[in-house]
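Read the structure below first, then the notes.
Residues take their numbers from the sequence shown, with the count starting at 1.
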Amino acid sequence: MKVTAVETILVEEFPNLSWIQVYTDEGLIGLGETFFGAPAVAAQVHNFIAPYLIGRDPLQIERHHAKLLPYAGRGGSGVEMRAASATDVALWDIFGQAIEKPIYQALGGACRNDVRVYNTCAGYQYVRKAPAQVVDNYGLNQHSSPGPYEDLEGFLNNAGDLAQSLLAMDIHGMKIWPFDFAAEASNGQYITNTELKTALEPFEKIRTAVGDKMEIMAELHSMWNVPMAQRIAAALEPFELTWIEDPVNMDDLDKVGEVIAATKTTIAVGELLGGKAQFRDLLEQGVGLAIMDIVWGGGITEARKVAALADTFGVPFTGHDCTGPIALTASVHMTMHASNVFIQEIVRAFYYGWYQDLVTQLPPIKNGQITAPTGPGLGTALNPDVTKRADALVQKTTAADL
């Protein structure tokens, strides 16, 4: 089997998303995805990855994994890493199709039949249209789509009702980020007593409404300096959170340990990182949960190594989903396979909203539990209409173009 062409698909309505399709001479097509910097990702794919990959055996994934990053641009989760990550997912999709098994089976089989989910409480428009992470006014705007799961507005204004809504769906975990407004006001340098009390109100409302039936996670979005992250963590301890996520800037990996040492609450990090070496540095500091975005941090090949590395530290692993339907699907395949997983992130506004428009199938969710599609490879594909849309930009590189 040989790769014959590599294609990128961008859609104006979703300017953060980019998809890659890898074509083979046996008719198999692998699908990958990544998020942020879509035009730059497409340029990297066609200028570097396609010339390397075309004519080669797509099943030699480990060999290609070492070659998909150029000499410059290694480490982190920049454009080169995101393009390589999307390509790696596409190659695993081909591998699964070639052996007619789901990716989790190709990885060595499943450790479980399904796993419970938690809901990241974003709204329908969160990071969907803006070319960068939406934090101003929490991403709320007058153009938010109507629907039952405007959970960003929900946790800010009616966190108790939101918790009850999630429990009604058998979802027993929720992640919220009510501290961002204060970080924006001070550039993460200081939070006043009044701001801190305001930010704690959603946690109080959740515990008042549903008690300990709901697991709560606090997202700090890497926006704080060390003293303020420590102060926030101390203020959150009475609420017995499942974890606090990304408390300080992820460029300052050595500072994470200072926050870990100052709180009893588990500190979770990793979705912004690329590669196992950065995870090693954090695990050595005592991080309690390794969260990896598979389409940012190295693809499925790197994810299985990060999961195994975390396991050697006695630390659980989980996948990130606040980006796109293939990121979620790839994460669930890893969730099914890796032994040290206890929960998987979803965004129900995305899952029951625009994700449905983009792919043929999503990982099924039932009674608060998610499992991978049963078909070969990813078990899903882009909806055929996506490439035919008027706002779609489709670019294909073949051997004739090289």
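Residues Thr301 and Trp92 have side chains that bring a donor and an acceptor to within less than 3.5 angstrom of each other. For the residue pair Asp357 and Asn383, no side-chain donor N or O sits within less than 3.5 Å of a side-chain acceptor on the partner. Side-chain contact annotation: Thr398 with Asp401, donor-acceptor N/O pair under 3.5 Å present.
Remark: Lys175 fails to qualify as a cation-pi partner of Phe155 under the 6.0 Å distance and 45° angle criteria applied to the six-membered ring.
Summarising the geometry, atom CG belonging to Asn225 is positioned 9.0 Å from atom CD belonging to Gln230; distances are rounded to the nearest 0.5 Å. For the atom pair CG of Leu167 and CE of Met214, the computed distance is 4.0 Å after rounding to the nearest 0.5 Å. Atom CE in Met336 sits 3.5 Å away from atom OG1 in Thr371 (nearest 0.5 Å). Going from atom CG of Asp114 over to atom CD of Gln369 covers 4.5 Å, rounded to the nearest 0.5 Å. Distance CD/Glu215 to CE/Met217: 5.5 Å, rounded to 0.5 Å. Remark: Glu271 CD to Ser77 OG distance equals 9.5 Å, nearest 0.5 Å.
Partners of Pro102 according to the side chain to side chain contact (heavy atoms under 4.5 Å, CB included) rule, which considers only residues two or more places apart in sequence or in another chain, are Tyr104, Gln105, His333.
Side-chain N or O atoms of Thr265 include none that pairs as donor or acceptor with a backbone N or O of Glu237 at under 3.5 Å. Using a distance-only test at 3.5 Å, with no hydrogens or angles considered, a donor-acceptor pair links the side chain of Glu195 to the main chain of Thr192. Here the side chain of Ser222 pairs no donor or acceptor atom with the backbone of Asn249 at under 3.5 angstrom. Put simply, the side chain of Asp293 never gets that close to the backbone of Gly319: no donor and acceptor are under 3.5 Å apart. Within the 3.5 Å criterion, the main-chain N or O of Leu309 finds a donor-acceptor partner in the side chain of Thr312. In this structure a side-chain-to-backbone donor-acceptor pair under 3.5 Å is present from Arg82 to Phe36.
Annotation for Glu240: atom CD does not count as buried by contact number, only 12 or fewer foreign heavy atoms lying within 6.0 Å. Taking a 6.0 Å sphere around CG of Asn113, one finds it holds 12 or fewer heavy atoms contributed by other residues, nucleotides or ligands. Lys101 NZ: 12 or fewer foreign heavy atoms inside a 6.0 Å radius.
Between Trp243 and Tyr118, a ring centre-to-centre spacing shorter than 6.0 Å is recorded. For Tyr126 and Trp177, the ring centers sit closer than 6.0 Å to each other.
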Would you mind writing out the side-chain donor-acceptor pairs for residues 40-52 within the sub-3.5 Å range, not counting sequence neighbours?
from, atom 1, to, atom 2, distance (Å)
His46, ND1, Thr397, OG1, 2.6
His46, NE2, Thr8, OG1, 2.7
His46, NE2, Gln395, O, 3.3
Asn47, ND2, Ala43, O, 3.1
Tyr52, OH, His64, ND1, 2.8

Stepwise side chain to side chain donor-acceptor pair (under 3.5 Å) check, Gln97 with Asp93: CA-CA 6 Å; Gln97 293 177 52; Asp93 189 22; 3.2 Å; yes
Full working for side chain to side chain donor-acceptor pair (under 3.5 Å) between Glu150 and Tyr124: CA-CA 6 Å; Glu150 191 52 62; Tyr124 292 97; over 6 Å; no
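A ring-ring contact (aromatic ring centres under 6.0 Å, His included) check over residues 258-293, counting only residues at least two apart or in different chains, returns nothing. Pairs passing the ring-ring contact (aromatic ring centres under 6.0 Å, His included) check and including a residue from residues 355-402, sequence neighbours excluded, read Phe350-Tyr355. Under the ring-ring contact (aromatic ring centres under 6.0 Å, His included) criterion, the residue pairs touching residues 300-327 are Trp296-His320, with sequence neighbours excluded. For residues 165-174, the side-chain hydrogen bond (donor to acceptor under 3.5 Å, both in side chains) pairs, not counting sequence neighbours, are Ser165-Arg348.
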